[in-house]
Amino acid sequence: MYRTHTCGELRIADINKEITLAGWIQRIRDFGGMSFIDLRDRYGITQLVVDENTDKTIVEQLEELGREFVIQAKGLVRERSSKNTKIPTGEIEIALTEIKVLSPSEVPPFTIQDDTDGGDDLRMKYRYLDLRRNVVRKNLVLRSKMAHAVRTYLNAQDFIETETPVLIKSTPEGARDFVVPSRMNPGEFYALPQSPQTFKQLLMVAGFDRYYQIVKCFRDEDLRADRQPEFTQIDCEMSFVDQKDVLNMFEGLTKYMFKETLNVDVDDFPWMPYSEAIEKYGSDKPDTRFEMLINNITDLVKGNNFVVFDSAEYVGAICAKGCADYSRKQLDGLTKWVQRPQIGAKGLVYVKCNKDGSFKSSVDKFYSQDDLKVWAEKVDAKAGDLILVMSGEKDHIQGAIGELRLEMGNQLGLRDKNIFKPLWVVDFPLLEWDEESQRFHAMHHPFTSPKVEDIKLMDTEPGKVRANAYDLVINGVEIGGGSVRIFDSELQAKMFKLLGFTKEEAQAQFGFLMNAFKYGAPPHAGIAFGFDRLVSLFAGLDTIRDVIAFPKNNAGRDIMIDSPSVIAEAQLEELNLKLDLKEKE
RNA sequence: GGUGGCGUAGUUCAGUUGGUUAGAAUGCCGGCCUGUCACGCCGGAGGUCGCGAGUUCGAGUCUCGUCGUCACCGCCA
């Protein structure tokens, strides 16, 4: 036995016990005549002491020790003469009687402390050292607890946890696939799943009734702080349910996770139609922690010879509370901010609602005090508030002013990480027009059912068909989404036709699913949560990297193991592959 | 594919208008120190200023390219 206790458990009640600890040396404080060693493991830190009573050989051994050495230490627990109230073991220390180096350590490239001196690159390269730090490990402990809560809740609701294959088939819809060459089937490839979508529907046909899985998914697209090429979903499907049943079940799961892991009670989740989210928040994932809703003032601003507004399809405004005293510099800063290519607005019009009831705007030349008063009433602006107005093409400006709203929320400190505001966004469009390929794409996926009352529109105005599709959004983060599925092979065929598949293509790609539907498919619906995002939201982080033990960087590289990498010529040959690398221009 | 930030000691950063020998903190090494817990004090070592070209009498500093990294846009059903 290497140890009798962990480094986090000894207390004043353990005084005079002969104990053995094992762990990493956090720090040595050498006083010449005496020394202190902080010994660390996952559970905490315990102080070891060497003084005049300690065996001389131990004093000599001490010279060899350094940070991050793994040692085994035997000694007597005793009360400290000067206590440290900052740590749980701070009332005791270990008078050493024996010390053994289990494993020496080179000087680590950065300090293993909460406030490390290491930068992101270095910490990623030595991820196993970074994971020794409390602040990093605690995120993975939270992740473990949340996964446990998911299983506890769904098992209690009679869900069956089922694994689905990882080597599957490439499909044309959705994200780019990661592919895996098949040695036994020359020239053919597996794909890694973007999600277990079709398999979980087949499990419903199989009568499983309730399925879930905490499962890796893979998408070969460009990355972000909240997107990794491999990520984890809480994937679920249910039979004989409608949309409300699914939302209630997973609202229950979400509340359970908040309560179990953060001890937070959240309100019932409001349902917001997609159209309302776009209209009021300029986003399909609204941050409802604060108001500052977008108002459509297009009709109020026309006919004053202000050509920018007169020619605009849409004019939107938000009201920033208490910002009437923004300086010229601040307003210029906001204007520059919206003119960045990422937002792409031409400009920004402001109206200051002064304390004395007058208005000062950047368009005073065109609009009277009375005109501006009408605007202020429309956007519910009071004295002391600042109205920000953007105009242009409707879809673009709604999104842009939505971004401005979030930026103002940041500046005003309205996006508190300790407040959680979940909601369901419902009634998504079934299809969206893709300019590039000049055809409709499924907004959610091709198995999403249209709303019954909208089916008749499928032939006439496909773009207006609403789907039985829903997203869970918390604090402006898209946590998950799902839909009621098509379970009728004829309706599914119609859907494929709308998506531009020929009968033959549909049969080749998804024939297995349509065939399955011929043998008694139950009505079914499902949902999937992005587990990494949910954990990072709970942990108050902006990136999912810190809730993944071994994440990849912006370019999809693992800089610790240095992947991806080239493979041996023999491997290529075995797979019947030849490389044809494009020369860089 | 695009836009922007960053790249200087082991590490995190500073470095003025282009000008002599590139600094600080921390870490590391050595010395002193019996109650520290971010110990303290004294001393020391440590640099291909990412890489390559260019402008210039002179480049860490300016220009172009390139590589790495981060954030965002496109993309991600």
Quick one: is [X] getting a side-chain N or O under 4.0 Å of the [N] phosphate, OP1 or OP2?
X: A:Asn553; N: B:rU69; value: yes
X: A:Arg557; N: B:rG68; value: no
X: A:Lys86; N: B:rA38; value: yes
X: A:Arg224; N: B:rC70; value: no
X: A:Arg29; N: B:rU36; value: no

Distance between the [atom1] atoms of [N] and [M], in whole angstroms?
N: B:rC29; M: B:rC70; atom1: C1'; value: 34 Å
N: B:rU61; M: B:rC6; atom1: P; value: 14 Å
N: B:rA53; M: B:rG43; atom1: C1'; value: 44 Å
N: B:rG47; M: B:rU66; atom1: C1'; value: 23 Å
N: B:rC49; M: B:rA9; atom1: C1'; value: 10 Å
N: B:rA24; M: B:rG15; atom1: C1'; value: 10 Å
N: B:rG4; M: B:rU63; atom1: P; value: 13 Å
N: B:rA22; M: B:rA59; atom1: C1'; value: 13 Å

Paired stems touching RNA chain B, three or more consecutive Watson-Crick or G-U pairs with both distances under 3.5 Å? B:1-7 with B:67-73, B:10-13 with B:23-26, B:28-32 with B:40-44, B:50-54 with B:62-66
Please work out if [X] contacts a base, only the sugar-phosphate, or nothing of the nucleic acid, heavy-atom cut-off 4.0 Å.
X: A:Arg123; value: nothing
X: A:Ile343; value: nothing
X: A:Lys83; value: base
X: A:Pro108; value: nothing
X: A:Ser195; value: base
X: A:Ile87; value: nothing
X: A:Asp121; value: sugar-phosphate

Taking A:Glu505 first and then A:Lys497, would you say they form a salt bridge - that is, a charged N and a carboxylate O separated by under 4.0 Å? no
Could you tell me whether the side chain of [Y] reaches within less than 4.5 Å of the side chain of [X], counting heavy atoms only?
X: A:Leu348; Y: A:Trp337; answer: no
X: A:Leu202; Y: A:Leu513; answer: yes
X: A:Tyr314; Y: A:Ser391; answer: no

At what distance, to the nearest 0.5 angstrom, does [atom1] of [X] lie from [atom2] of [Y]?
X: A:Arg27; Y: A:Asp38; atom1: CZ; atom2: CG; result: 7.0 Å
X: A:Ile112; Y: A:Arg67; atom1: CD1; atom2: CZ; result: 7.0 Å
X: A:Ile318; Y: A:Leu404; atom1: CD1; atom2: CG; result: 4.0 Å

Length of the line joining [X]:[atom1] and [N]:[atom2], which is rounded to integer Å:
X: A:Leu223; N: B:rG74; atom1: CG; atom2: P; value: 15 Å
X: A:Asn134; N: B:rA38; atom1: CG; atom2: P; value: 14 Å
X: A:Asp177; N: B:rC75; atom1: CG; atom2: P; value: 18 Å
X: A:Leu122; N: B:rC13; atom1: CG; atom2: P; value: 11 Å
X: A:Asp120; N: B:rC6; atom1: CG; atom2: P; value: 16 Å
X: A:Gln194; N: B:rC75; atom1: CD; atom2: P; value: 16 Å
X: A:Ile25; N: B:rC37; atom1: CD1; atom2: P; value: 19 Å
X: A:Trp337; N: B:rA71; atom1: CH2; atom2: P; value: 17 Å

Under-3.5 Å donor-acceptor pair between A:Gln342 side chain and B:rC72 base: yes
Is it the case that the base of B:rC75 and the side chain of A:Arg227 share a donor-acceptor contact (distance under 3.5 Å, atom types as modelled)? yes
Quick one, which residues of residues 393-410 of chain A touch RNA chain B with a heavy atom under 4.0 Å? none
Determine whether A:Lys285 and A:Glu478 satisfy the following criterion, salt bridge (charged side-chain N to carboxylate O under 4.0 Å, His left out), listing intermediate values before the conclusion. CA-CA 6 Å; A:Lys285 44 180 174 151; A:Glu478 183 192 331; 5.9 Å; no
Closest nucleotide of RNA chain B for A:Val107 versus for A:Arg533: which of these residues is on the 5' side? A:Val107
When you match A:Asn84 and A:Met443 each to their closest nucleotide on RNA chain B, which lands nearer the 5' end? A:Asn84
Check the orientation of A:His445 and A:Phe447. Use parallel for under 30°, tilted for 30 to 60°, and perpendicular for over 60°. tilted
Could you label the plane-to-plane angle of the A:Trp424 and A:Phe529 rings as parallel, tilted or perpendicular, counting under 30° as parallel and over 60° as perpendicular? tilted
Scan A:Leu48, A:Ile37, A:Val70 and name whichever one has a side chain to side chain contact (heavy atoms under 4.5 Å, CB included) with A:Ile25. A:Ile37
Which heavy atom in A:Leu122 sits nearest to a heavy atom in A:Pro109, and how many Å separate them? CD2-O, 3.7 Å
Checking A:Glu93 against A:Arg78 for the salt bridge (charged side-chain N to carboxylate O under 4.0 Å, His left out) test, could you report, in this order, the C-alpha distance in whole Å, the side-chain angles of both residues, the deciding distance, and whether it holds? CA-CA 6 Å; A:Glu93 64 193 1; A:Arg78 74 183 186 201; 3.0 Å; yes
Is A:Arg227 reaching over with its side chain to a backbone N or O of A:Asp222, donor-acceptor style, under 3.5 angstrom? yes
Under the criterion side-chain hydrogen bond (donor to acceptor under 3.5 Å, both in side chains), which of A:Gln492, A:Glu237, A:Gln201 is the partner of A:Arg485? A:Glu237
When every nucleotide of nucleotides 30-35 of chain B is labelled 5' to 3' by its protein contacts under 4.0 Å (heavy atoms), B for base, S for sugar-phosphate only, - for none, what sequence of letters results? ---BBB
